[in-house]
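What follows is a single structure, written as structure tokens, with notes after it.
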Number of protein chains: 2
Amino acid sequence: MSREGVIAAALSLFHEEGLAKVTMRRVAAVLDTGPASLYVYISDTEDLHAEILDALLADVAEPSSPADWRGRLKGTLRGYIAVLFEHPELARMAMSTMPSGANYLALVEKILALLKEGGVPDGQAAWAVDLLLLFATAQAAEKAAWKASARSPSNFSALAAIIETADVETLPNIVRHGTDLLSGRGDRLDWGFDVLINGVLKTRRMETKS
Amino acid sequence: MSREGVIAAALSLFHEEGLAKVTMRRVAAVLDTGPASLYVYISDTEDLHAEILDALLADVAEPSSPADWRGRLKGTLRGYIAVLFEHPELARMAMSTMPSGANYLALVEKILALLKEGGVPDGQAAWAVDLLLLFATAQAAEKAAWKASARSPSNFSALAAIIETADVETLPNIVRHGTDLLSGRGDRLDWGFDVLINGVLKTRRMETKS
DNA sequence: ACCTGAACACCGTTCAAGT
DNA sequence: ACCTGAACACCGTTCAAGT
């Protein structure tokens, strides 16, 4: 056995049954041994899950159209988000695990290069990568919640119902916007990227007013 | 017994032992019964945890200084983030649960009002609340990961080590920025808020170029 | 209706003992 | 050093049976 062997077993389990089934006990079972044996190579369950994410990040597609830096940046982010959208459970995990695998680093490198090309000053660029990737990951994690509540639509329609019937006295703005608060799932993502990029170009580090 | 009773028991367990201990079995034990009894009032564990978050959101502080709308908006967001920072496990949960409690709605209402005051057009405002709260929540969830890796500092210093020793050929921009990629935890949050606010003011819906 | 004992089907992690 | 059986200490959820 080896770390790679354990990860390979975890990965196949992941593809066949999803992240929820990638448990120490099940991976051990695939390898015909007891769970204790894995601890020689893997420090804990989180370690295992982080490896799965990094393996998947190898598939982040190169943005196809040779557009300007902004277009390629958005394309790269869409590639990253596409991977997480297919496996929303991993987005949740990435939210609280600080990825540090080789493929994640390559992604950070690419984004830094694009920001540099776009003339974003170094000080801002370092923080901007974090902001962009945080947004992309969070958006994927949120979509995971949507998927879950689509399976049992109670949550979403319950929320819509609450908004529709909200008290005009205490929540006037919520009533005014109505279900627009829940709309535009597709364009919204793209709008978010633009907000971030425009904001990064406009906002200097240290220029923290109020 | 009642839903409120169950939630009250869960809340006290949460304050004494943290979210990880708020399990069906333990809450039931507090109420001197078996876990099955809770299912009359609570649909599942997630339901229970969501109630805890909304209860905490009652404490989101009013921004103290009567500043301009931007200052009050940032103050409100800081108030929200402060609650999540104290209980980072809840930030992770909020990331994938679509809060819909009364206190969360009140927070959305307040932010909508401030954006309106700031002259943000309605179409943008509806999406902007989502973006601002997503960012705040994600930031708190990420801080949760930091806390965890501070307990076992291996993750963070390992990441720092990886960055320091990264290959200049393949990862030139990462090497150039070095540990600046991991710096400025405090100012960074405020910079992020400004990026978002500036971006929202600059970016119209539908103006999705490239 | 509301409540519950008991069971089903699982978990992660540790540790003493073996090879 | 590497590996493992067995145990410890838990989980969520369901369901038949009771009140």
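Each chain gets a letter, A, B and so on, in the order its sequence line appears, and its residues count up from 1. Treat the numbers as computed from the prediction; the structure is a model and nothing was measured.
- Remark: Thr33(B), Ala36(B), Ser37(B) in residues 28-39 of chain B come within less than 4.0 Å of DNA chain C through at least one heavy atom.
- For Arg25(A) (side chain) and Pro35(A) (main-chain N/O), no donor-acceptor pair under 3.5 Å exists by modelled atom type.
- For the residue pair Asp194(A)/Thr203(B), the side-chain donor-acceptor check at 3.5 Å is not satisfied.
- We find the CD-NE2 distance between Glu46(A) and His49(A) to be 9.5 Å, quoted to the nearest 0.5 Å.
- A distance of about 23 Å separates the P atoms of dC8(D) and dA9(C), rounded to the whole Å.
- Taking Arg176(A) as the reference, Asn173(A), Asp122(B) meet the side-chain hydrogen bond (donor to acceptor under 3.5 Å, both in side chains) condition, with sequence neighbours excluded.
- The CG atom of Leu132(B) sits 14.5 Å away from the CH2 atom of Trp127(B) when rounded to the nearest 0.5 Å.
- Listed in residue order, the members of residues 3-26 of chain A having a heavy atom less than 4.0 Å from DNA chain D are Arg25(A).
- With values rounded to the nearest 0.5 angstrom, Leu31(A) atom CG is found 6.5 Å from Leu38(A) atom CG.
- A heavy-atom distance below 4.5 Å is found between the side chains of Arg70(B) and Asn198(B).
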Intermediate values then yes/no, side chain to side chain contact (heavy atoms under 4.5 Å, CB included), Ile111(B) and Leu73(B): CA-CA 7 Å; Ile111(B) 294 173; Leu73(B) 176 54; 3.9 Å; yes
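- Under the 3.5 Å distance criterion, the side-chain polar atoms of Thr179(B) are left unmatched by any main-chain donor or acceptor of Leu182(B).
- For the C1' atom pair drawn from dC2(D) and dA16(C), the interatomic distance equals 15 Å after rounding to whole Å.
- Under the side-chain contact (heavy atoms from CB on, under 4.5 Å) criterion, Ile52(A) pairs with Ala10(A), Leu11(A), Phe14(A), Leu19(A), Val22(A), Leu90(A), sequence neighbours left out.
- For the atom pair CE (Met24(B)) and CG (Leu48(B)), the distance works out to 6.0 Å, reported to the nearest 0.5 Å.
- For DNA chain C, the contact window with chain B, defined by any atom under 4.0 Å from a protein heavy atom, covers dC2(C) to dA7(C) in 5' to 3' order.
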Kindly determine whether Leu84(B) and Leu53(B) satisfy side chain to side chain contact (heavy atoms under 4.5 Å, CB included), including the steps that lead there. CA-CA 9 Å; Leu84(B) 292 181; Leu53(B) 175 59; 3.8 Å; yes
Starting at the 5' end of DNA chain D, what dot-bracket string do you get if Watson-Crick and G-U pairs under 3.5 Å are bracketed, crossing pairs use [ ], other-strand pairs use | and unpaired bases use dots? ||.|||||...|||||.||
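- Salt bridge annotation for Arg205(B)-Asp187(A): absent, with no cationic side-chain nitrogen under 4.0 angstrom from a carboxylate oxygen.
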